[in-house]
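Proteins get letters first, then strands, A, B, ... in listed order; numbering begins at 1 in each.
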Number of protein chains: 2
Amino acid sequence: MVQRGRRTTRVSGDERQDAILVTAEALLAERGFDDISIEDLARGAGISRPTFYFYFASKDEVLLALLDRVITEVEHRVGGLPRDFESDPAGAWTRSIGIFVEVFVAHRGVATAAIAARARNDEVRVLWSKSMQSWADFSTEVIRSEQARGAAPGGIDAHDLAVSLNLMNERVITAVLNKESPAIAESRALDVLSTIWIRSIYGSVNPGRA
Amino acid sequence: MVQRGRRTTRVSGDERQDAILVTAEALLAERGFDDISIEDLARGAGISRPTFYFYFASKDEVLLALLDRVITEVEHRVGGLPRDFESDPAGAWTRSIGIFVEVFVAHRGVATAAIAARARNDEVRVLWSKSMQSWADFSTEVIRSEQARGAAPGGIDAHDLAVSLNLMNERVITAVLNKESPAIAESRALDVLSTIWIRSIYGSVNPGRA
DNA sequence: CCCATTTCTCGACACCGTGTTGACTATGTC
DNA sequence: GACATAGTCAACACGGTGTCGAGAAATGGG
């Protein structure tokens with residue numbers, strides 16, 4: 001959990017902190033991070049610009065707090081999933097990927113701002129890569145065990161494959177969220193991504209069920 | 001070709017324009033776009049800051065010009081490739097992807113700055129997506145004809161697949177360039193990417209040769 | 001060769017967003 | 001009621017962007 005800015009946590013004024021976060025997420029839903037000034041956030045929260053600095057050290061810290069929430073939500077939801085890769089590989093992968101799609105769609109402003117901010121801000125980069133790392137590690141483990149039990153062929157390092165597929169998901173999802181062109185239809189995203197995962201992990205169109 | 005800033009193109013002073021571009025590419029190799037000021041570019045080119053504006057309307061225009069060159073280089077080199085997908089699918093795909101890897105590695109500063117600038121700048125976004133579009137269209141065509149001749153299975157729309165794989169390449173290559181974690185080793189990138197392309201296009205580890 | 005036109009240059013200025021400082025006001029507490 | 005601590009903001013300093021207008025330097029026609 002990221003905790004900064006507030007000197008201590010006592011009574012009210014927490015509402016202010018929260019108002020800033022709420023304002024930020026709302027504004028991020030309608031315009032880019034760079035087009036939102038600290039003045040905007042302060043006004044939205046009903047305070048003056050200098051007062052903003054009482055709660056957050058910078059605009060980036062606000063984004064960091066929002067990103068932290070989103071990542072926590074993904075982790076929580078992925079953690080609650082059954083791990084039935086042996087009995088239903090295609091379904092299991094699809095459900096995991098589906099969580100990412102859903103959560104990022106629900107917080108598209110935060111997701112795209114955070115991904116852009118990575119290039120500029122160390123803390124954002126570290127937080128994001130920590131999560132990517134843990135998702136990639138999880139995928140690596142599963143792929144490795146699928147390879148070990150003979151369900152998936154070797155010929156490619158499990159970690160390289162896991163990292164690449166996770167990066168693909170990140171990029172494809174952001175392309176969808178930003179309605180970039182080229183991108184794919186939001187409604188087909190989950191299906192397309194899982195197909196690519198399954199084909200490249202199992203080396204076949206239809207992985208056998210065990 | 002992007003042509004802006006200069007009122008006409010006559011004699012010298014072109015060297016100035018070029019000096020700015022050279023300075024920009026050099027500085028981009030050592031620090032991020034945001035950490036380079038117009039003052040820096042002007043000084044590097046031996047002119048004053050206001051004079052910079054005689055040649056370029058903004059820092060972004062400089063980046064746009066650099067990006068234009070890089071894209072042209074990729075197009076030129078990809079265009080010169082043999083299109084032997086029927087006789088050697090794996091090799092043909094690998095050679096195409098290899099061009100991207102090579103060119104982006106050679107211009108890593110420009111590539112990463114441009115990809116980051118997309119979020120902020122319309123012209124950069126349009127230029128980049130035009131290229132992505134054309135690369136995706138090319139891949140789509142090839143996939144479609146591989147599906148038509150029975151070498152690749154259906155079950156996924158050729159365009160969706162092509163777009164996703166191209167986006168994966170973009171993301172994996174930038175992760176490698178920025179030495180992000182997680183990322184994959186630069187030396188294995190080409191191999192990993194082509195393996196994923198081939199497995200997900202052909203639905204098998206080893207596409208038959210025709 | 002000289003003058004007019006166009007290219008090129010830059011000092012000085014206006015602007016905007018960030019982050020800081022220091023003084024001020026509430027609020028609860030012994 | 002005095003005293004800490006949370007909370008607030010006007011005013012300032014700073015740095016980067018972009019503009020303006022006055023000139024210097026090159027170019028070409030007469």
Asks: If you measure from the Lys or Arg side-chain nitrogens to the Asp or Glu carboxylate oxygens, is any gap between A:Glu25 and A:Arg108 under 4.0 Å?
Replies: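 Here A:Glu25 does not pair with A:Arg108 in a salt bridge, since their nearest N and O are not under 4.0 Å apart.
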
Asks: Under 4.0 Å between a Lys/Arg side-chain N and an Asp/Glu carboxylate O for B:Arg69 and B:Asp18?
Replies: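 Salt bridge: yes.
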
Asks: For B:Ile36 and D:dT17, what is the distance between atoms CD1 and P respectively, to the nearest whole Å?
Replies: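 Spelled out: CD1 on B:Ile36 to P on D:dT17 is 11 Å.
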
Asks: I need the CG-C1' distance between A:Leu41 and C:dG17, as an integer number of Å.
Replies: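 It works out to 13 Å between those atoms.
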
Asks: Return the OG1 to CZ distance between A:Thr174 and A:Phe104, rounded to the nearest 0.5 Å.
Replies: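 Separation between the atoms: 9.5 Å.
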
Asks: Of all the nucleotides listed (C:dC8, C:dT18, D:dG18), which has the minimum atom distance to the side chain of B:Tyr55?
Replies: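 Nearest to the side-chain atoms of B:Tyr55, counting from C-beta on, is C:dC8.
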
Asks: Can you tell me if B:Asn178 uses its side chain to pair, donor with acceptor, with the backbone of B:Glu180 under 3.5 Å?
Replies: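 Here the side-chain-to-backbone pair does not exist.
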
Asks: At under 4.0 Å between heavy atoms, what does B:Ser48 touch on the DNA or RNA strands: base, sugar-phosphate, or nothing?
Replies: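 The residue B:Ser48 makes base contact.
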
Asks: Output the single nucleotide from C:dT9, D:dA6, D:dG16 whose closest atom is nearest the side chain of A:Phe54.
Replies: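 Out of C:dT9, D:dA6, D:dG16, the nucleotide with an atom closest to A:Phe54's side chain is D:dA6.
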
Asks: Rounded off to whole Å, could you give me the CG-to-C1' distance for the A:Asp40 and C:dT18 pair?
Replies: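 Roughly 13 Å, once rounded to whole Å.
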
Asks: Given atom CZ of B:Phe52 and atom P of D:dT19, what is their separation to the nearest angstrom?
Replies: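 Spelled out: CZ on B:Phe52 to P on D:dT19 is 12 Å.
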
Asks: Rounded to whole angstroms, how far apart are CZ on B:Arg43 and C1' on C:dT9?
Replies: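 Distance check: B:Arg43 CZ to C:dT9 C1' gives 17 Å.
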
Asks: Taking atom C1' of D:dG16 as reference, at what distance in whole Å does atom NZ of B:Lys59 sit?
Replies: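 The distance from NZ of B:Lys59 to C1' of D:dG16 comes to 9 Å, rounded to the nearest Å.
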
Asks: Could you list the residues that satisfy side-chain contact (heavy atoms from CB on, under 4.5 Å) with B:Val205, not counting sequence neighbours?
Replies: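 With sequence neighbours excluded, B:Val205 shows a side-chain contact (heavy atoms from CB on, under 4.5 Å) to A:Pro153, B:Arg199, given in chain and number order.
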
Asks: Check the interface with nucleotides 20-26 of chain C: list each N/O to N/O pair with the protein under 3.5 Å, or write none.
Replies:
none

Asks: Expressed as a whole number of angstroms, how long is the span from B:Glu39:CD to D:dC14:C1'?
Replies: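 Checked: the CD to C1' distance equals 15 Å.
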
Asks: Would you please confirm or rule out a distance under 4.0 Å between OP1 or OP2 of C:dT9 and any side-chain N or O of B:Thr51?
Replies: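 The answer is no; no side-chain N or O of B:Thr51 sits under 4.0 Å from OP1 or OP2.
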
Asks: Using whole Å, what does the distance between atom C1' of nucleotide D:dG7 and atom CD of A:Gln17 come to?
Replies: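 About 13 Å, once rounded to whole Å.
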
Asks: Just by distance, no angles: are the side chains of B:Trp197 and B:Asn169 close enough, under 3.5 Å, to form a donor-acceptor pair?
Replies: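 On atom types as modelled, these side chains qualify, holding a pair under 3.5 Å.
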
Asks: Would you list the pairs meeting side chain to side chain donor-acceptor pair (under 3.5 Å) in which at least one residue belongs to residues 26-43 of chain B, sequence neighbours left out?
Replies: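 Pairs touching residues 26-43 of chain B that pass the test: B:Arg31-B:Asp40, B:Ser37-B:Asp40, B:Asp40-B:Arg43.
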
